[in-house]
Undergrad: 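To start, I am sharing the structure in question, which I have written as structure tokens.
Residue indices begin at 1 and follow the sequence shown. When reading the values below, keep in mind they use all heavy atoms of this one structure, side chains included, and skip hydrogens, waters and symmetry mates. When a ligand or atom number is given, it counts from 1 through the structure's own listing order.
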Amino acid sequence: MKLIILSAPSGAGKSTIIHALMKKDLKLEFSISACNRAPRAGEQNGVDYHFLSTEDFKQKIKNDEFVEWEEVYENHFYGTLKSELKRIESKGHHVIFDIDIAGGLNLKKLFGDRALALFIMPPSVQELERRLKSRATDSDENIQKRVAKATIELSYAKDFDYVIVNEVVENAVVSAEKEIRNFLNK
Ligand code: 5GP
């Protein structure tokens with residue numbers, strides 16, 4: 001099993017790119033993270049995330065059930081369960097992660113050459129803010145938090161294996177697919 005890590009500031013278009021990549025014949029399976037936030041409209045437990053209570057999440061940290069976890073926003077915890085990676089490995093698939101920058105870099109450190117870390121770069125912070133507003137899933141306050149965090153996160157792009165600028169999503173998918181194929185064929 002190899003690991004494909006896609007990290008980006010919130011709103012850079014990473015989920016759209018992941019969905020497109022999963023339709024290709026790359027044998028990629030999505031790593032379903034655990035988190036303690038409420039599901040958004042349309043999100044399903046066990047499909048988009050394993051939605052846990054804060055108490056359950058903290059218990060799993062204590063039990064050492066996570067490969068990695070982060071408090072991505074204040075009181076909002078997200079993490080990759082060891083059981084999730086075992087599930088995907090047992091199917092003989094590769095795993096693709098939608099994960100924040102810190103988590104992505106942690107996984108890369110843990111898995112080294114078995115992992116390809118791609119940074120999805122928004123064309124600009126202004127464009128990122130516009131996309132978050134048009135998505136209309138987050139409050140104004142949350143959007144401001146995400147924009148502030150993104151500004152800092154962009155400086156970590158250099159620590160990833162490749163940076164993919166998401167100006168036109170179809171082109172970003174083509175670039176990501178090319179890097180992934182090269183990596184899986186190595
Ligand atoms: P959202 O609330 O928009 O679904 O996700 C917020 C952020 O948490 C995104 O940047 C997403 O990539 C990140 N995230 C999702 N799952 C994980 C995970 O398992 N670990 C870490 N470190 N971040 C995650």
Side-chain angles (χ1 to χ4, degrees), residues 3-22 28-54 56-58 60-61 63-88 95-111 115-122 125 128-129 131-157 159-160 163-164 166 172 176:
L3 295 85
I4 310 296
I5 301 162
L6 265 78
S7 294
S10 181
K14 158 181 72 170
S15 321
T16 315
I17 296 172
I18 290 177
H19 280 124
L21 289 170
M22 289 186 52
L28 299 180
E29 179 136 355
F30 184 62
S31 166
I32 304 165
S33 296
C35 74
N36 73 332
R37 72 157 169 76
R40 296 187 183 120
E43 283 182 333
Q44 278 178 282
N45 189 30
V47 176
D48 301 281
Y49 282 105
H50 298 292
F51 292 101
L52 304 180
S53 66
T54 303
D56 282 352
F57 198 102
K58 290 190 171 167
K60 287 190 189 304
I61 296 174
N63 297 348
D64 197 27
E65 290 183 48
F66 286 106
V67 185
E68 66 75 40
W69 63 271
E70 294 285 332
E71 186 175 359
V72 176
Y73 304 101
E74 204 183 347
N75 295 320
H76 284 201
F77 296 87
Y78 297 80
T80 307
L81 290 162
K82 292 178 180 172
S83 58
E84 181 62 11
L85 295 194
K86 283 200 190 118
R87 179 182 73 80
I88 296 172
V95 55
I96 185 162
F97 296 89
D98 176 336
I99 191 165
D100 82 325
I101 314 282
L105 290 173
N106 276 337
L107 287 178
K108 178 70 192 173
K109 223 182 271 164
L110 276 172
F111 291 92
L116 173 72
L118 302 179
F119 187 100
I120 309 299
M121 178 77 101
V125 172
L128 191 77
E129 186 169 2
R131 288 181 192 175
L132 283 171
K133 285 185 176 154
S134 69
R135 180 161 91 177
T137 51
D138 295 277
S139 63
D140 279 350
E141 192 194 338
N142 263 338
I143 289 176
Q144 286 322 311
K145 275 192 201 157
R146 283 171 188 248
V147 170
K149 185 164 175 151
T151 310
I152 300 165
E153 286 178 329
L154 294 181
S155 65
Y156 289 97
D159 299 327
F160 282 71
V163 174
I164 290 169
N166 184 17

Undergrad: Going by ring pair (Phe, Tyr, Trp, His ring centres under 6.0 Å), name the residues that satisfy it together with F119, two or more places apart in sequence or in a different chain.
TA: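 F160.
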Undergrad: Look at E68 together with K109 and state whether they make a salt bridge at an N to O cut-off of under 4.0 Å.
TA: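 The answer is no: the pair does not qualify as a salt bridge.
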Undergrad: To the nearest 0.5 angstrom, please state how far the OG1 atom of T80 sits from the CD atom of E65.
TA: 13.0 Å
Undergrad: Would you be so kind as to tabulate the donor-acceptor pairs closer than 3.5 Å made by side chains of residues 145-154, with sequence neighbours excluded?
TA:
from, atom 1, to, atom 2, distance (Å)
R146, NH1, S10, OG, 2.7
K149, NZ, V72, O, 2.5
T151, OG1, V147, O, 2.9

Undergrad: Under a 4.0 Å heavy-atom cut-off, which residues neighbour ligand 1?
TA: K14, S33, R37, R40, Y49, E68, E70, V72, Y73, Y78, G79, T80, D98, I99, D100, G103, R146
Undergrad: With a 4.5 Å cut-off on side-chain heavy atoms, are R40 and R135 touching?
TA: yes
Undergrad: How would you list, by chain and number, every residue that makes a ring pair (Phe, Tyr, Trp, His ring centres under 6.0 Å) with F57, sequence neighbours excluded?
TA: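 Residues passing ring pair (Phe, Tyr, Trp, His ring centres under 6.0 Å) with F57: F66, F77.
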